[in-house]
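Single-structure report; data block below.
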Amino acid sequence: MGILKQKKGNIPIWGWIIFGMIPLFFFCIYTYTDIRVTTEDGIAVWYAIFDEKSLGKYYMMLYPYRDGGYPSYDFFIYLIFAIWDFPLYIYEKIAKTGFSQNYVLLLYAKSICLLFLVLCANQIYKIVHKITNDKEKAWWGCFTFVFSVTVFQAVVIICGYDVISLFFTLCGIHAYLEEKDKKFILCFSCAIACKMFALWVFIPLLLLKYKRIWKVAAGFLAGVALMVLPKLYFMFYQKISGLKILSDKDSTLVSANAVKYISDYLWSSEAPIATIYIPWLFFFTFILWVWCWFNKKKLSDKMVIYICLIGMSIFMLTCYTHPQWMILIMPYIAILECSGWTNLPESLFCEVCMGAGHILWMVRNAPQCYSYNIINNMLHLEEGNREFWYTGIWLYISKLSNMVHISMDNIFLMFRSIFVASFILLLIYVYPREKQQESVAESKEVKRLFYLKAMVSMLVLGIPLLGAILRMMGLQ
């Protein structure tokens, strides 16, 4: 029993185990469709290499155990999935069937997100420790990141693999703080190749670091190299082979997802902060980039993290996003909360309200992420998929709308308002005021606050179970 009493910072091992068991249980009974589809596309890399005898045919072939659909992300993310999923390829070659109907194999496929979540927590520890030189604060940074509403939503409920890109982003930020320029560029190149969202952090850091245009341009080109080079390879193969890719476009230079995002999301009125007259993303991003470019003084490490938070917050607040993308802001919030205990109760309260408000707002356009659908996807309790998308909290909100005679749109707008207000308040509370004295908080009080926040945050894990109750009652 002695090992259970050992501490990581001020957190006993038993605390990590008890708090970890609950989300791990829910991780084992939920899955969203995207992780299965992307795993299949990762396995397809091996089919291209060993069955088609040419990696160049990857975007021109179908995964053998799926009807339709084709890879729509950049190749680097599929390469990471392919490495993790090689055992699944071996299984499929032997069993002559797809992996997704096997619970254990599906759980293994999902676990790539848990691996990268742990890796992200490790980077947060390193960054907080560098800023504070305090192991206790560094461990609490890991704890408050992992046990948060937003991470529970993104990793436990939806199993979003944005956490992979996030890991490389955090590696790049740590390298930036240590002034290791080559590692900084390489890590961000990996992050951008996974998902282009890392650009919203990478470009401000480039503008802070380099003041000569050619250096900024060279850094940017190096940063996008791992994304562009595979595109050029597949384009070249397409030209010399005369084969067509399996998409509605004639080129793989711009991914299908990027085209859809630019056309549908950046100008969407569904963004948390939106008007029909000004695309606020470009408005605020331009201000941030100009400020970074003309800033001459060396910023503190905490202020650098705050700049990263602002860059990603602009994206989250001014664009229509998918629910799991909110995890991209959480490391910066955790780091700033634990770099000093200033405004800690207020910050944790706003963080929970922000996460809960975001989930309730997202139910409007993504009900399938919080419904009985994701339980059935994992446990295969009955036939069906899309017919269960609204079997969950969406139906409860619909019933509430009928009871109080307020339209569902107005109820969702209320949730949207809570989300935006909490988000903005949080940005105010975590702002690193250089001359403000750090408040002295008792260790027991800090522990109580973080434990309370973790327990309240865990309540969101039960949201999809509301759909299971409806099914058991035969209501939908």
Side-chain angles (χ1 to χ4, degrees), residues 33-66 68-89 92 99 109 112-113 115-116 119 159-169 171-172 185-199 202 220-262 322 324-325 328:
T33 308
D34 277 10
I35 187 68
R36 174 180 58 80
V37 172
T38 306
T39 296
E40 292 170 349
D41 291 333
I43 298 172
V45 172
W46 300 115
Y47 282 105
I49 294 173
F50 294 121
D51 292 37
E52 298 293 331
K53 307 300 182 185
S54 173
L55 183 60
K57 293 183 179 180
Y58 176 67
Y59 284 96
M60 306 170 193
M61 55 171 282
L62 292 171
Y63 171 73
Y65 300 107
R66 183 174 71 209
Y70 51 85
S72 57
Y73 292 117
D74 293 311
F75 183 72
F76 189 79
I77 190 73
Y78 293 126
L79 182 61
I80 294 172
F81 269 86
I83 294 170
W84 178 261
D85 296 327
F86 184 70
L88 303 182
Y89 169 75
E92 291 188 350
F99 77 94
I112 188 174
C113 295
L115 170 65
F116 278 92
L119 293 175
C159 198
Y161 35 89
D162 300 276
V163 71
I164 300 175
S165 174
L166 185 59
F167 164 67
F168 291 113
T169 300
C171 289
I185 297 293
L186 177 61
C187 291
F188 267 100
S189 188
C190 293
I192 294 165
C194 288
K195 288 235 179 147
M196 292 178 66
F197 304 143
L199 283 170
F202 180 57
F220 178 81
L221 291 175
V224 299
L226 286 180
M227 177 184 68
V228 173
L229 291 176
K231 293 178 182 292
L232 296 176
Y233 167 75
F234 288 112
M235 286 179 63
F236 180 72
Y237 187 90
Q238 178 188 349
K239 292 294 184 183
I240 64 173
S241 67
L243 299 173
K244 291 290 185 180
I245 61 172
L246 298 174
S247 80
D248 54 357
K249 301 187 290 82
D250 295 326
S251 171
T252 57
L253 185 59
V254 180
S255 69
N257 277 354
V259 172
K260 179 176 177 58
Y261 193 82
I262 292 170
H322 290 298
Q324 61 271 30
W325 295 351
L328 298 173

In Å, rounded to the nearest 0.5 Å, how long is the span from CG of D74 to CG of L79?
12.5 Å
Closest contact, heavy atoms only, Q324 versus D34:
NE2-OD2, 4.1 Å
Does T39 use its side chain to pair, donor to acceptor, with the backbone of I35 at less than 3.5 Å?
yes
Closest heavy-atom contact between S189 and A225?
OG-N, 4.0 Å
Considering only residues two or more places apart or on different chains, which pairs with a residue in residues 186-199 satisfy salt bridge (Lys or Arg N to Asp or Glu O under 4.0 Å)?
D162-K195
Side chain to side chain contact (heavy atoms under 4.5 Å, CB included) evaluation trace for V163 with F167:
CA-CA 6 Å; V163 71; F167 164 67; over 6 Å; no
Work out which heavy atom in S54 is nearest to a heavy atom in Y237; give both atom names and the distance.
OG-OH, 3.2 Å
Between atom CD1 of I43 and atom CG of D85, what is the distance when rounded to the nearest 0.5 Å?
5.0 Å
Can you name the nearest heavy-atom pair linking C113 to G160, along with the distance?
SG-O, 3.7 Å
Check whether any side-chain heavy atom of M227 lies under 4.5 Å from a side-chain heavy atom of F76, and answer yes or no.
no
Rounded to the nearest 0.5 Å, what separation is found between the CD atom of E40 and the OH atom of Y47?
10.0 Å
Tell me, please, which residues at least two apart from L115 pass side chain to side chain contact (heavy atoms under 4.5 Å, CB included).
W84, L119
What is the ring orientation for Y78 with Y73, classed by angle as parallel under 30°, tilted 30 to 60°, or perpendicular over 60°?
tilted
Any chance you could measure L232, atom CG, to F236, atom CZ, to the nearest 0.5 Å?
11.0 Å
Ion pair check, K57 and D51, cut-off under 4.0 Å
no
Under 3.5 Å side-chain donor-acceptor pair for Y161 and T38:
yes
Audit row: F202, I185, side chain to side chain contact (heavy atoms under 4.5 Å, CB included) steps and yes/no:
CA-CA 9 Å; F202 180 57; I185 297 293; 3.9 Å; yes
Give me the atom names and distance for the closest heavy-atom approach of C194 to S165.
CB-CB, 3.7 Å
If you round to the nearest 0.5 Å, how far is CG of L88 from CZ of F86?
10.5 Å
Ring geometry between Y89 and W46 (parallel below 30°, tilted from 30 to 60°, perpendicular above 60°)
tilted
For F75, check ring-ring contact (aromatic ring centres under 6.0 Å, His included) against everything at least two apart and list the hits.
Y58, F234
Check whether any side-chain heavy atom of F81 sits under 4.5 Å from a side-chain heavy atom of D41, and report yes or no.
no
Should I80 and I112 count as side-chain neighbours, where that means a heavy-atom distance under 4.5 Å?
yes
Just how far is it from atom NZ of K231 to atom OH of Y59, taken to the nearest 0.5 Å?
7.0 Å
